[in-house]
Amino acid sequence: LQPLQLLEGQFDYRIALTLPPASRNSDAPLGQLLVNSDLTGVSAPLPAPLTMTAGTRKPLTLTVDLYRDNRQDYRLDINRQLSGALSMRQGQLFGGEVSVLGTPAQLPQQGGPLQIRGTLPSGDLQQWLDLVAAYNRLPAAAADSTTPYPAFSFTVNNAIWRDMVFPQL
């Protein structure tokens, strides 16, 4: 995943794999993978309040439900600030949601683009522009014309850019 290239550092993690008794129910998970970390050694150029600096604890929980027919559901929580829920089918994104400082992300009921939403209490727009610039400098990933662009829905209260203040964007 290209955005992961923005991360720097190393971290310890714990992994658990749960394999339930075999079930004839085709919708029952075959297993569940659980990954936990405190991401203490990781830094990332994220804008406030999502800033990640090495030495700061940011608890991470990643849960992957494994199903038949090459289907996986991913649920992610980082420090109760960022949550994600993605569903993959045959190695392709079926749909999903990422929530920034909001209610936890939900797994999709139907296929579609990734939904990214959030409400920030305040924000320095230059930090977000810098993040976009850093992302754009990453080596391009292999183009896949079947991957839909994400849909964004953000509200920023008290946004600042240079000497200007925007009460709500």
Side-chain angles (χ1 to χ4, degrees), residues 1-47 49-52 54 56-120 128 131-132 134-136 138-154:
L1 293 171
Q2 192 175 15
L4 295 178
Q5 294 178 38
L6 293 170
L7 301 176
E8 292 184 9
Q10 298 178 356
F11 58 95
D12 293 328
Y13 55 89
R14 291 167 303 291
I15 295 179
L17 176 63
T18 304
L19 300 172
S23 170
R24 292 190 174 150
N25 179 355
S26 63
D27 290 333
L30 295 173
Q32 184 179 75
L33 182 68
L34 179 63
V35 180
N36 289 295
S37 177
D38 62 13
L39 299 178
T40 301
V42 176
S43 64
L46 300 174
L50 305 174
T51 305
M52 290 183 75
T56 303
R57 188 175 185 272
K58 295 269 186 171
L60 166 129
T61 301
L62 172 65
T63 305
V64 183
D65 292 321
L66 307 166
Y67 295 93
R68 292 170 174 79
D69 301 326
N70 196 16
R71 178 170 66 101
Q72 306 87 35
D73 288 337
Y74 297 80
R75 289 182 309 283
L76 170 77
D77 179 81
I78 300 177
N79 203 38
R80 296 189 177 176
Q81 292 179 312
L82 182 113
S83 73
L86 304 172
S87 190
M88 302 290 288
R89 306 284 193 274
Q90 304 299 318
Q92 299 293 317
L93 178 67
F94 173 75
E97 181 176 65
V98 174
S99 174
V100 180
L101 299 178
T103 57
Q106 301 295 313
L107 285 167
Q109 298 301 311
Q110 59 189 24
L114 178 65
Q115 306 287 321
I116 302 174
R117 63 176 170 82
T119 300
L120 302 177
W128 288 95
L131 176 62
V132 170
Y135 179 80
N136 287 335
L138 292 175
D144 182 355
S145 61
T146 63
T147 303
Y149 287 100
F152 291 90
S153 175
F154 270 93

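Below, each value reflects all heavy atoms present in this structure, side chains not excepted, and no hydrogens, waters or symmetry copies.
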Over 12 non-hydrogen atoms of neighbours within 6.0 angstrom of CZ in Arg80: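 Open.
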Leu76 and Leu82: side-chain contact (heavy atoms from CB on, under 4.5 Å), yes or no, with the steps? CA-CA 8 Å; Leu76 170 77; Leu82 182 113; 4.1 Å; yes
Calculate, to the nearest 0.5 Å, the distance between atoms [atom1] and [atom2] belonging to [X] and [Y] respectively.
X      : Y     : atom1 : atom2 : answer
Ser87  : Gln92 : OG    : CD    : 12.5 Å
Leu39  : Arg57 : CG    : CZ    : 9.5 Å
Leu114 : Glu97 : CG    : CD    : 8.5 Å
Asn36  : Leu60 : CG    : CG    : 7.5 Å
Leu50  : Ile78 : CG    : CD1   : 9.0 Å

Which heavy atom in [X] sits nearest to a heavy atom in [Y], and how many Å separate them?
X     : Y      : value
Gln72 : Leu66  : CG-CD2, 4.0 Å
Gly91 : Asn70  : N-ND2, 3.8 Å
Gly96 : Leu86  : CA-CD2, 3.9 Å
Leu30 : Leu19  : O-CD2, 3.7 Å
Phe94 : Arg89  : CB-CG, 3.5 Å
Ala85 : Leu107 : CB-N, 3.6 Å

So, using side-chain contact (heavy atoms from CB on, under 4.5 Å) as the criterion, who are the partners of Asp65 when residues are at least two apart?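 With sequence neighbours excluded, Asp65 shows a side-chain contact (heavy atoms from CB on, under 4.5 Å) to Gln32, Thr63, Tyr67, Asp73, Arg75, given in chain and number order.
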List for me each residue that meets side-chain contact (heavy atoms from CB on, under 4.5 Å) alongside Ser83, sequence neighbours excluded, and say none if there are none.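 Ser83 satisfies side-chain contact (heavy atoms from CB on, under 4.5 Å) with Asp77, Ser99, Pro104, Ala105 once adjacent residues are dropped.
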Determine whether a donor-acceptor pair (N or O, by modelled atom type, separation under 3.5 Å) exists between the side chain of Asn79 and the backbone of Gln81. no
Polar side chain donor-acceptor pair, Ser23 to Asn25, under 3.5 angstrom: no
Looking only at the side chains, is there a donor atom on one of Asp12 and Gln10 sitting less than 3.5 Å from an acceptor on the other?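 Looking only at side-chain atoms, Gln10 and Asp12 do not form any donor-acceptor pair under 3.5 Å.
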Tell me which one of Leu34, Leu33, Val35 satisfies side chain to side chain contact (heavy atoms under 4.5 Å, CB included) with Val64. Leu33
